[in-house]
There are 2 protein chains.
Amino acid sequence: MELPPNVLSQSCASRRYLALVASKWSLLVINALDDGPARNSFLMRKVGGISQKILTQTLRDLAAASLVSREDHGTLPPHVTYRLTPLGQSFRREVRSLIAWVEGNMPALRGAEPDQH
Amino acid sequence: MELPPNVLSQSCASRRYLALVASKWSLLVINALDDGPARNSFLMRKVGGISQKILTQTLRDLAAASLVSREDHGTLPPHVTYRLTPLGQSFRREVRSLIAWVEGNMPALRGAEPDQH
DNA sequence: CAGCATCCAGAAGGATACTG
DNA sequence: CAGTATCCTTCTGGATGCTG
């Protein structure tokens with residue numbers, strides 16, 4: 001007798017992972033990752049406006065959820081690469097679709113500028 | 001000579017709408033909305049854990065982006081309903097897909113609990 | 001019933017300096 | 001180059017009480 005996951009339920013564990021989805025920086029980093037390995041500095045340049053601190057934190061969170069894997073080549077100067085896991089690649093398809101929707105619907109979304117509170 | 005929207009660019013206006021996407025409460029409210037009209041109290045009950053303040057704020061933001069429409073029946077006691085616009089329904093498809101992914105991949109995501117910082 | 005105003009604790013995140 | 005540490009500001013959002 002086990003209930004299926006349901007994000008609308010406050011107590012459902014899926015809420016925890018939704019937080020990962022509903023994070024601006026996670027979405028952008030996932031979107032920036034291609035199939036090959038990517039380095040810290042590369043991602044810093046690719047994701048406009050992200051800080052070193054946030055990038056590191058985001059990558060750690062994504063790695064903890066096993067969406068990306070981290071490989072430290074142990075050289076000096078350091079050479080560390082990040083790569084999407086198969087699960088991460090599956091997730092990236094969702095993210096890309098969402099982002100494509102936003103970019104594609106910019107004309108419709110314009111005209112009604114969102115409040116800034 | 002106009003560039004296409006690109007969320008990876010810090011200055012792109014699409015970033016503003018991405019914030020709407022990358023919001024836990026927006027995703028849950030959109031997900032909770034069916035095709036018919038929905039009332040405040042109904043949404044409060046359906047979206048577990050949301051407060052009155054946040055629900056109102058979220059609905060206002062979604063309305064400002066013309067994803068939902070607000071209809072005040074002008075009666076007393078007040079009767080106000082919210083409804084997805086066609087644009088909102090299109091968006092809901094994306095959201096549902098994303099949420100289905102999260103719920104469907106719970107088994108894979110478990111095992112690697114995300115950090116709480 | 002819908003929603004606004006106020007207060008406030010905690011989280012997010014930017015800037016900067018430093019280290020192996 | 002990759003990452004940590006510290007400080008500090010801004011934003012998020014919960015709680016409560018009030019109004020037409």
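On a predicted model such as this, the values are computed, not experimentally measured, just so you know. Naming convention: chains lettered A, B, ... in sequence-line order (proteins, then strands); numbering from 1 in each chain.
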*Asks:* Considering heavy-atom distances to DNA chain C, does B/Pro77 or A/Trp25 have its closest nucleotide positioned more toward the 5' end?
*Replies:* B/Pro77

*Asks:* Can a salt bridge be assigned to the pair A/Arg92 and A/Asp35 using a cut-off of 4.0 Å between side-chain N and carboxylate O?
*Replies:* yes

*Asks:* List the steps, then state whether side-chain hydrogen bond (donor to acceptor under 3.5 Å, both in side chains) holds for B/Gln89 with B/Thr85.
*Replies:* CA-CA 6 Å; B/Gln89 291 178 19; B/Thr85 63; over 6 Å; no

*Asks:* To the nearest Å, give me how far apart CD1 (B/Ile50) and P (D/dT12) are.
*Replies:* 14 Å

*Asks:* Counting side-chain heavy atoms from C-beta on, which of D/dC1, C/dC1, D/dT4 comes nearest to A/Gln52?
*Replies:* D/dT4

*Asks:* The side chain of B/Thr56 is closest to which nucleotide in this list: D/dT4, C/dG3, D/dA2?
*Replies:* C/dG3

*Asks:* What is the distance from CD1 of A/Ile54 to P of C/dG13, rounded to the nearest Å?
*Replies:* 5 Å

*Asks:* For B/Lys24 and D/dG13, what is the distance between atoms NZ and P respectively, to the nearest whole Å?
*Replies:* 7 Å

*Asks:* Quick check: on DNA chain C, is the nucleotide nearest A/Ser51 upstream (toward 5') of the one nearest A/Leu76, or the reverse? Name the residue that is more 5'.
*Replies:* A/Ser51

*Asks:* Salt-bridged, A/Asp34 to A/Lys46, with N to O below 4.0 Å?
*Replies:* yes

*Asks:* What nucleic acid atoms does B/Phe42 come within less than 4.0 Å of, heavy atoms only: base, sugar-phosphate, or nothing?
*Replies:* nothing

*Asks:* Side chain of B/Lys53, heavy atoms from C-beta onward: which of C/dA2, D/dT4, D/dA15 has the nearest atom to it?
*Replies:* D/dA15

*Asks:* Looking at C/dG13, C/dA2, D/dG3, which one has an atom nearest to any side-chain atom of A/Asn40?
*Replies:* D/dG3

*Asks:* What is the distance, to the nearest angstrom, from the CZ atom on A/Arg60 to the C1' atom on D/dA5?
*Replies:* 12 Å

*Asks:* Starting at atom CG of A/Leu59, determine the distance to atom P of D/dT4, rounded to an integer number of angstrom.
*Replies:* 11 Å

*Asks:* If I compare all heavy atoms of B/Leu62 with all of B/Ser26, which pair ends up nearest, and what's the gap?
*Replies:* CD2-OG, 4.2 Å

*Asks:* Can you measure A/Leu27 atom CG to C/dA12 atom C1' for me and round it to whole angstrom units?
*Replies:* 16 Å

*Asks:* Taking the minimum atom-to-atom distance to the side chain of A/Arg70, which one of D/dT4, D/dA2, C/dC1 wins?
*Replies:* D/dA2

*Asks:* Does a nitrogen or oxygen in the side chain of A/Arg39 sit under 4.0 Å from OP1 or OP2 of D/dC1?
*Replies:* no

*Asks:* Got B/Asp61 and B/Leu67 here, is their nearest side-chain heavy-atom distance under 4.5 Å?
*Replies:* no

*Asks:* In whole angstroms, how far is the P atom of D/dG14 from the CD atom of A/Gln10?
*Replies:* 9 Å

*Asks:* Could you check how far CG of B/Leu55 sits from P of D/dA15, rounded to whole Å?
*Replies:* 15 Å

*Asks:* Using the side-chain heavy atoms of B/Val80, tell me which of these nucleotides is nearest: D/dT4, C/dG3, D/dC1.
*Replies:* C/dG3

